[in-house]
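Along the sequence shown, residues are numbered consecutively beginning with 1. Start at 1 and go down the list; that is how both ligands and their atoms are numbered.
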Amino acid sequence: MNISFFNGKFLPHNKICISPEDRGFLFADGVYEVVRWYNGFFFDIEGHHARLRRSLRELKIKWGEEDSFPVIAEKLVKMNHLDDKPALVYFQVTRGAAPRSHTFPSPPVNPTIFAFARPFTPESSGKENGISVMLRKELRWGRCDIKSIALLPNTLCFTEAAEQGYGECIFVKDGFITEGSHSNIFFVIDGVLRTHPESESILSGITRKHTINAAMKCGIRVEERAVHEKELLQVSESFITNTSAEITPVIAFGSIPAGNGKPGPLTGQIHKKFREIVESYARR
Ligand code: PMP
């Protein structure tokens, strides 16, 4: 029986009932986090916790017990007997249930807290052989830095990409590459590792942050400077990053090959260093 967390209680997953007036359901008025459990420890749960706090603050959602996020996440892993397995914990906070209105409930209502842990099998073929990505005009809202549950543009574009055999959909805003539907993206151009700077146009990925750190530890120059579509022909390597897949090489952007169309050597080096950083969390 899967045990999930709902509004202060650990319950069988199928016993959880959410109000039809929940603002998450009616307005996608909420935020989420996904944190990875590596057979015995969480990777940078502090980073995920800080991002959750920020997302809540930006949307003016008050959750009085936000300090309990790591405790709940760990309990879910243990209660679902996932201690020695790879797992993901999904965590969602919405503004709560109230009669439908465009204004926030006044006085505020209790937020709805929902979280679950799932076993997870890390994907290996994309990591070894690389993936091709589809490019699409940016159609999301202007606050992609908030980890909002309003993901319709992301799911629409990713579904279209997957149906066409692509491993990710990458958004292009005013000619510049921002990020993927559920990942950040990096490029090697003239030996320099480049990625979009932190801004309202991208989610500040936890994996992105550690990837930049890993690359610098490898002695690779890193520039947080957006890449223009026109520069894709000069790319020698590329990869995407996210919590579940870590670092996945990109071998083509639509019909344009990334470099020689094979996973590149710097990507391999950076990933190796990234794994060392992950393992350092086991000893904390
Ligand atoms: N951008 C978007 C839009 C995402 O959904 C994700 C995955 N949560 C990321 C970037 C990567 O973030 P992280 O490395 O924290 O998983």
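Under 4.0 Å is where a charged nitrogen must lie from a carboxylate oxygen, and between Glu179 and Arg208 no such pair does. Salt bridge annotation for Arg136-Glu160: present, with a cationic side-chain nitrogen under 4.0 angstrom from a carboxylate oxygen.
Judged by distance alone, the side chain of Thr241 and the main-chain N or O of Thr207 form no donor-acceptor pair under 3.5 Å.
The distance criterion of under 3.5 Å between nitrogen or oxygen atoms is not met by Arg140 with respect to ligand 1. Checked by distance only, ligand 1 and Ser204 stay at 3.5 Å or farther apart across all their nitrogen or oxygen atoms. In terms of polar-atom proximity, defined here as any N/O pair under 3.5 Å, Thr241 makes no such contact with ligand 1. Checked by distance only, ligand 1 and Ile206 come closer than 3.5 Å through their nitrogen or oxygen atoms.
Note: Phe5 and Phe91 have parallel aromatic rings, judged against thresholds of 30 and 60 degrees for the angle between ring planes. Classification of the Phe116-His13 ring pair by plane angle, with boundaries at 30° and 60°, yields perpendicular.
In the displayed structure, Asn260 atom CG is contacted under 6.0 Å by more than 12 heavy atoms of other residues, nucleotides or ligands.
Residue-ligand proximity, Gly180 to ligand 1, at heavy-atom distances under 4.0 Å covers atoms 3 (C). Taking every heavy atom of Asn242 and a limit of under 4.0 angstrom, the matching atoms of ligand 1 come to 11 (C), 14 (O), 16 (O).
Of all protein heavy atoms, the one closest to atom 2 (C) of ligand 1 is Glu179 OE1, 3.6 Å. The closest protein non-hydrogen atom to atom 8 (N) of ligand 1 is Lys147 NZ, 2.5 Å. Among all non-hydrogen protein atoms, the one lying nearest atom 14 (O) of ligand 1 is Thr207 OG1, 2.5 Å. The protein heavy atom nearest to atom 11 (C) of ligand 1 is Asn184 OD1, 3.6 Å. In terms of protein heavy atoms, atom 16 (O) of ligand 1 is closest to Thr243 OG1, 2.6 Å.
Contacts of His182 with ligand 1, taken as heavy-atom pairs under 4.0 Å, involve both backbone and side chain.
Note: Tyr281 and Phe41 fail the aromatic proximity criterion, with ring centroids not under 6.0 Å apart. Aromatic ring centres of Phe239 and His271: separated by at least 6.0 Å.
Between Glu33 and ligand 1 there is no heavy-atom distance shorter than 4.0 Å. Within the structure, the closest approach of Val34 to ligand 1 does not fall below 4.0 Å when heavy atoms are considered. Within the structure, the closest approach of Lys209 to ligand 1 does not fall below 4.0 Å when heavy atoms are considered. Within the 4.0 Å heavy-atom shell around ligand 1 one does not find Ser244.
Among Arg208, Arg36, Arg51, His48, the residue whose heavy atom lies closest to atom 15 (O) of ligand 1 is Arg51. With distances taken over non-hydrogen atoms, the option nearest atom 12 (O) of ligand 1 out of Gly205, Ser181, Cys144 is Gly205.
Contact detail for Phe274 and Ala214: the closest heavy-atom pair is N-CB, 3.8 Å. Nearest heavy-atom pair, Lys147 versus Ser55, reported as atom, atom and distance to 0.1 Å: N-OG, 3.3 Å.
A side-chain N or O of His182 and one of Glu168 form a donor-acceptor pair less than 3.5 Å apart.
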